[in-house]
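Please read the structure below before turning to the comments.
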Amino acid sequence: MSEPHDYGFDTLQVHAGARPDPATGARQVPIYQTTAYVFKDADHAAALFNLQEVGYIYSRLTNPTVAALAERIAALETGDGAVCCSSGHAAQIMALFPLMTPGCNVVVSTRLYGGTVTQFSHTIKRFGWEAKFVDFDDLGAVKGAIDEKTRAIFCESIANPGGYITDLDAIGKIANDAGLPMIVDNTSATPFLCRPIEHGATLIVHSTTKYLTGNGTVMGGCVVDSGDFDWSASDKFPSLSQPEPAYHGLKFHETFQHLAFTFHSIAIGLRDLGMTMNPQAAHYTLMGIETLSLRMQRHVENAEKIAAWLEKHDAVEAVTYAGLKSSPYFDRVAKICPRGAGALFTVALKGGYDSCIKMVDSLELFSHVANLGDARSLIIHSASTTHRQLTAEQQIAAGAAPNVVRLSIGIEDADDLIADLDQALNKAAS
Ligand SMILES: *Cc1c(COP(=O)(O)O)cnc(C)c1O
């Protein structure tokens with residue numbers, strides 16, 4: 001695969017990053033279940049440790065199975081490099097780590113995965129970092145929140161839990177004008193539905209736990225680097241532009257150019273934070289990703305059908321799916337995610353909190369779980385679970401009010417899913 005970007009998406013999802021195994025000819029990517037790699041000689045070892053030569057040292061940093069997955073995700077996102085890590089939440093820390101120092105902040109959307117709101121509003125403060133939460137539909141407020149200590153802008157392309165769609169072009173322009181990288185969590189959209197780099201993203205984070213693996217088996221995350229941000233244009237990113245004491249004064253941007261972020265994330269981030277993906281997890285995700293486009297087409301087809309049906313149901317007050325003409329974000333679908341608005345949305349019930357609980361407990365085919373992006377259809381009452389740690393104000397801003405359930409529509413027969421929803425809604429309303 002010398003020029004991976006020449007191939008179409010369906011070809012890349014099967015082939016990118018994978019070559020027949022040089023030792024055995026194995027066609028599928030082997031699970032390199034090893035922690036360490038034998039050096040050719042002492043000089044080879046020294047060159048690897050000095051970053052003068054690229055190769056395998058120890059699986060906390062790099063592993064061939066994990067590397068194949070990173071290369072595949074980078075190709076699907078049209079990025080120059082990628083680093084896989086142990087979970088989506090790890091990927092978020094890995095994305096911010098090279099950019100931030102104590103006292104710095106990141107401007108973030110209020111519409112985010114519940115766990116991300118918690119990570120950003122509490123945990124990152126322990127590092128001396130701050131997240132400034134802003135309504136990303138208010139472009140003036142986004143601009144106004146940027147100050148001299150801002151190091152990045154963070155949002156989700158299709159945002160949890162309501163399926164809200166961010167105007168990535170507008171946010172990307174604000175980031176670009178301010179000389180800042182835009183980081184996009186593309187978990188809910190996947191590169192099949194949305195390519196954030198085409199809308200100005202510098203970094204993309206994924207929870208590979210979700211659609212990329214697609215079967216609810218393993219945890220994982222990934223950070224993709226577009227490779228086109230100039231880290232040396234200002235003095236804001238010293239970890240990438242200034243001499244690194246842990247590598248004898250090496251300057252990552254000067255030395256590795258468009259791969260500076262990726263090399264830093266491996267050589268410093270994985271080395272010292274240790275949020276490493278294991279080769280078994282990479283294997284499951286490589287299996288899943290081969291069918292990504294096929295699954296996403298069915299996810300979207302089912303979600304469109306089910307959202308339209310739910311909107312007409314007597315027990316339903318509102319459906320947030322951006323693929324519906326009634327959605328205020330319908331016009332953004334063609335621009336941001338032209339192949340569909342994903343398969344994640346919320347439903348507000350007329351019966352409020354109690355009806356939501358009854359509906360969740362009455363469903364048979366839908367599983368009540370804290371997950372999304374599975375082949376199976378899933379449901380959760382966000383306010384009492386994933387968004388429980390949030391204040392009432394934060395819950396409403398995030399689209400997770402108490403009278404709302406979140407659906408993650410799977411790839412089953414849509415008619416079976418509709419029948420299950422119908423019986424549960426009728427029980428919930430009675
Ligand atoms: C699940 C999820 C995360 C966190 O990923 P984990 O793999 O669970 O750590 C982050 N962002 C979004 C949009 C998610 O759906």
Side-chain angles (χ1 to χ4, degrees), residues 35 48-51 54-71 73-74 77 79-102 104 106 116 119-120 123-124 126-129 131 151-152 154 181-187 201-209 219-227 229 231-232 236-279 281-282 285:
T35 47
L48 290 175
F49 275 88
N50 272 342
L51 299 182
V54 177
Y56 296 102
I57 299 176
Y58 188 61
S59 283
R60 177 162 18 85
L61 293 99
T62 46
N63 170 283
T65 314
V66 178
L69 176 63
E71 195 176 328
I73 298 173
E77 287 285 13
D80 280 354
V83 57
C84 287
C85 24
S86 51
S87 71
H89 268 8
Q92 290 167 191
I93 297 297
M94 288 282 293
L96 291 175
F97 179 66
L99 317 182
M100 306 281 278
T101 48
C104 289
V106 52
T116 306
Q119 186 189 54
F120 283 177
T123 303
I124 66 168
R126 311 274 186 108
F127 308 143
W129 307 346
R151 294 295 176 267
F154 186 103
M182 173 166 75
I183 307 174
V184 176
D185 182 336
N186 201 31
T187 299
T202 296
L203 301 175
I204 298 164
V205 297
H206 275 286
S207 166
T208 60
T209 314
M219 305 294 302
C222 187
V223 188
V224 179
D225 177 12
S226 71
F229 193 85
W231 304 108
S232 305
K236 287 182 178 163
F237 305 103
S239 298
L240 295 164
S241 63
Q242 297 302 308
E244 169 56 47
Y247 281 108
H248 311 298
L250 174 139
K251 293 180 180 172
F252 275 88
H253 191 206
E254 188 181 279
T255 307
F256 299 111
Q257 309 272 320
H258 67 119
L259 286 173
F261 179 92
T262 304
F263 270 84
H264 189 279
S265 291
I266 295 167
I268 309 274
L270 288 182
R271 186 196 65 184
D272 295 346
L273 300 176
M275 299 166 163
T276 307
M277 180 182 277
N278 69 75
T285 305

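Put simply, the side chain of Thr187 gets close to the backbone of Ser207: a donor and an acceptor are under 3.5 Å apart. In this structure a side-chain-to-backbone donor-acceptor pair under 3.5 Å is present from Thr208 to Gly220. At distances below 3.5 Å, not a single donor-acceptor pair connects side-chain atoms of Gln92 with backbone N or O atoms of Thr116. In this structure, the side chain of Ser86 does not engage the main chain of Met277 through any donor-acceptor pair within 3.5 Å. No side-chain donor-acceptor contact under 3.5 Å links Ser241 to the backbone of Ser232.
Contact record, Tyr247 with Ala267: OH-O, 3.1 Å, taken as the closest heavy-atom pair. Of all heavy-atom pairs spanning Phe127 and Ile93, the tightest one is CE1-CD1, 4.0 Å.
The shortest side-chain heavy-atom distance between Pro181 and Leu99 falls under the 4.5 Å cut-off. Under the 4.5 Å side-chain criterion, counting only non-hydrogen atoms from C-beta, Asp225 is not in contact with Leu259. At least one side-chain heavy atom of Leu96 sits under 4.5 Å from a side-chain heavy atom of Ile183. Val106 is not listed as a side-chain neighbour of Trp129, based on a closest heavy-atom distance of 4.5 Å or more.
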Legend entry - Stepwise side-chain contact (heavy atoms from CB on, under 4.5 Å) check, Ile73 with Leu69: CA-CA 6 Å; Ile73 298 173; Leu69 176 63; 3.8 Å; yes

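In terms of the salt bridge (Lys or Arg N to Asp or Glu O under 4.0 Å) criterion, Lys236 has no residue partners (sequence neighbours excluded). Partners of Ala82 by side chain to side chain contact (heavy atoms under 4.5 Å, CB included), not counting sequence neighbours, listed by chain and number: Ala70, Ala74, Cys222, Val224.
The only option from Leu48, Leu61, Thr62 that meets the side chain to side chain contact (heavy atoms under 4.5 Å, CB included) definition with Tyr56 turns out to be Thr62. The side chain to side chain contact (heavy atoms under 4.5 Å, CB included) with Met94 is formed by just one residue from the set Val205, Leu273, Ile266; it is Leu273.
Under 3.5 Å, the side chains of His206 and Glu77 contain a donor-acceptor pair of N or O atoms.
Sorted by first and then second residue, the salt bridge (Lys or Arg N to Asp or Glu O under 4.0 Å) pairs with a member in residues 265-278 form an empty list; sequence neighbours excluded.
Taking CG of Leu51 as the start and OG1 of Thr255 as the end, the distance is 9.0 Å to the nearest 0.5 Å. One finds the NE2 atom of His253 at 9.5 Å from the NE2 atom of His258 (value rounded to the nearest 0.5 Å).
Using cut-offs of 30° and 60° on the angle between ring planes, the pair Phe261 and Trp231 is parallel. Relative orientation of the Phe263 and Phe256 rings is parallel, given thresholds of 30° and 60° on the angle between their planes.
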